[in-house]
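To find a chain, count down the sequence lines: A is the first, B the second, and so on, and within it residues start at 1. None of these values were measured; they are calculated from a predicted model. Note: hydrogens, waters and symmetry copies are ignored here, and every other heavy atom, side chains too, is used.
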Protein chains: 2
Amino acid sequence: MSDTNIIKDLKSKGLKLNNSRMQILELFLGNHRSHSAPELVELLKMKMDRATVYRNLNFFVENKILDQIQLQGETPKYELAALEHHHHLICKHCKKISSIQSKSLENALETTTNEIKDFTITDHVFEFYGLCKDCLNNEE
Amino acid sequence: MSDTNIIKDLKSKGLKLNNSRMQILELFLGNHRSHSAPELVELLKMKMDRATVYRNLNFFVENKILDQIQLQGETPKYELAALEHHHHLICKHCKKISSIQSKSLENALETTTNEIKDFTITDHVFEFYGLCKDCLNNEE
DNA sequence: ATTGCTGCAAATCCTTTGCAATGTA
DNA sequence: TACATTGCAAAGGATTTGCAGCAAT
């Protein structure tokens, strides 16, 4: 979905996009990366209050515009809600997050789901930690 | 590794197990489950200070006696450092955590690791959310 | 005597909340 | 007018820290 479609989609859901919400959304549309709440509060500190940032992040998550993702040992991050199912690669060195899709993983998930008898899996989170190419090259 | 071996292992690492540490460890050895810091603080509140609980949890994590695991939207939990590699099943209803091992998942992980060119995976976290048998039966 | 561990209280960080004021349909 | 959204300040929960005293080697 393109950026303008995201906005259309919001309106079709009857959601109101006022100034504050637009400014938060623009940050995400501008770089398609993930941001933590404290990071956004800092970026927007001259434009709106901390409470407004938090309230609108929650609003976006409730309305499935943003996903909240919780990586190991970090404060939650937000990213544009995934249209395609994907997983995260987190560089332990530079902390950059990239995403992947893997057919073999999804197949294995299906197998696992069927294997398990006394639990019904409805959702899953796979996270991969390691080193991105840049950090691997610029090794210290 | 058996419980007494865990303690031997600690000593062989030159780690000191004083009273406080022993009491914390006993909670984990007693039920082999995961506990959050606030939960442990509560359980141990007549025996030691909150700061001691936190300091020793960090001590155990640094020394790889406990693992810290961060589930979606919850405060971190601690569990005995995995002797066998495993993953977590989290019941969305009662929040109980159980663990699984899956050959197919590990195989898929290997395939994925090889597929990916510009990132070197060293660790991974797979979490499964859903409903446990009990909650599925006692449906509301 | 030196080093490490503890309790206590205060501080810090992240997030939420109450309330009065403002904006918008 | 009615309802949603904001800013501000305060509160809340989890975790860390400074410091003085105690424990152990």
Side-chain angles (χ1 to χ4, degrees), chain A residues 7-8 10-28 34-79 90 95 97, chain B residues 7 10-28 33-79 90 95 97:
Chain A
I7 294 172
K8 271 188 207 157
L10 285 175
K11 291 191 176 152
S12 75
K13 285 184 186 168
L15 300 180
K16 296 181 203 159
L17 275 189
N18 60 18
N19 250 337
S20 308
R21 289 178 186 163
M22 208 51 181
Q23 289 182 88
I24 293 174
L25 214 45
E26 274 168 4
L27 285 180
F28 286 97
S34 61
H35 301 280
S36 67
E39 193 180 324
L40 292 166
V41 167
E42 173 63 23
L43 284 170
L44 294 164
K45 73 172 165 216
M46 288 100 38
K47 306 192 175 170
M48 72 192 73
D49 189 76
R50 191 174 30 195
T52 304
V53 174
Y54 277 96
R55 281 191 276 236
N56 281 328
L57 285 174
N58 289 336
F59 169 88
F60 283 133
V61 170
E62 281 157 23
N63 289 290
K64 307 201 190 304
I65 310 306
L66 295 179
D67 284 335
Q68 191 194 49
I69 58 181
Q70 173 98 53
L71 303 178
Q72 299 303 303
E74 299 188 20
T75 85
K77 292 195 164 45
Y78 299 84
E79 63 177 22
I90 304 101
K95 303 284 177 183
I97 301 170
Chain B
I7 292 172
L10 284 175
K11 291 191 176 155
S12 75
K13 284 183 185 168
L15 300 180
K16 297 182 202 157
L17 275 189
N18 61 18
N19 248 338
S20 309
R21 290 179 186 164
M22 209 52 182
Q23 288 181 89
I24 294 174
L25 214 45
E26 273 167 5
L27 285 179
F28 287 96
R33 293 229 312 280
S34 62
H35 302 280
S36 68
E39 193 179 325
L40 293 166
V41 167
E42 174 62 23
L43 285 170
L44 294 164
K45 72 171 164 217
M46 288 99 38
K47 305 191 175 170
M48 72 192 73
D49 189 74
R50 191 174 33 197
T52 303
V53 174
Y54 277 97
R55 281 191 275 236
N56 282 326
L57 285 174
N58 290 337
F59 168 88
F60 284 133
V61 170
E62 282 157 21
N63 289 289
K64 306 200 190 307
I65 309 306
L66 295 178
D67 284 335
Q68 191 193 49
I69 58 182
Q70 174 99 50
L71 304 177
Q72 301 301 303
E74 300 188 20
T75 85
K77 292 194 165 47
Y78 299 84
E79 63 178 24
I90 304 101
K95 305 283 177 181
I97 300 171

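Here chain B contacts DNA chain C (any atom closer than 4.0 Å to a heavy atom, that is under 4.0 Å), and the contacts span C:dG4 to C:dC8 from 5' to 3'.
Between the CD atom of B:Glu74 and the NZ atom of B:Lys95 there is a distance of 5.0 Å, given to the nearest 0.5 Å. Atom CD1 of A:Ile69 is separated from atom CD of A:Glu79 by 4.0 Å, given to the nearest 0.5 angstrom. To the nearest 0.5 angstrom, B:Leu57 atom CG is 11.0 Å from B:Glu62 atom CD. Atoms CD1 and OG, on A:Ile90 and A:Ser34 in that order, are 9.0 Å from each other to the nearest 0.5 Å.
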Can you give one letter per nucleotide of nucleotides 16-25 of chain D, 5' to 3': B if a protein heavy atom sits under 4.0 Å from the base, S if only from the sugar-phosphate, - if neither? BBB-------

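One interatomic measurement links the two molecules: CD1 of A:Ile24 to P of D:dT5, which rounds to 12 Å at whole-angstrom precision. Whole-Å rounding puts the A:Leu17 CG to D:dA4 C1' distance at 14 Å. Between the P atom of D:dT5 and the CZ atom of A:Phe60 lies a distance of 11 Å, rounded to the nearest Å. When the P atom of D:dT15 is taken as reference, atom CD of B:Glu39 falls 12 Å away, rounded to whole Å. Distance A:Leu44 CG to D:dG7 P: 10 Å, rounded to the nearest Å. To the nearest angstrom, C1' of D:dA14 lies 17 Å from CD of A:Glu74.
In terms of the side-chain hydrogen bond (donor to acceptor under 3.5 Å, both in side chains) criterion, B:Glu26 has no residue partners (sequence neighbours excluded). By the side-chain hydrogen bond (donor to acceptor under 3.5 Å, both in side chains) test, B:Arg21 is found to be paired with B:Asn56, residues two or more places apart in sequence or in another chain being considered. Looking at residues two or more places apart in sequence or on another chain, you find no side-chain hydrogen bond (donor to acceptor under 3.5 Å, both in side chains) involving B:Gln72.
Nucleic acid contact class of B:Ser36 (heavy atoms, under 4.0 Å, all strands): none.
Using a 4.5 Å heavy-atom threshold, the side chains of A:Leu40 and A:Phe28 count as touching.
Comparing the helix axis at one end of the helix from C:dA1-D:dT25 to C:dA25-D:dT1 with that at the other, each defined from 5 consecutive pairs, gives an inter-axis angle of 20° (nearest 10°).
No donor-acceptor pair closer than 3.5 Å links the side chain of A:Asn63 to the backbone N or O of A:Ile65.
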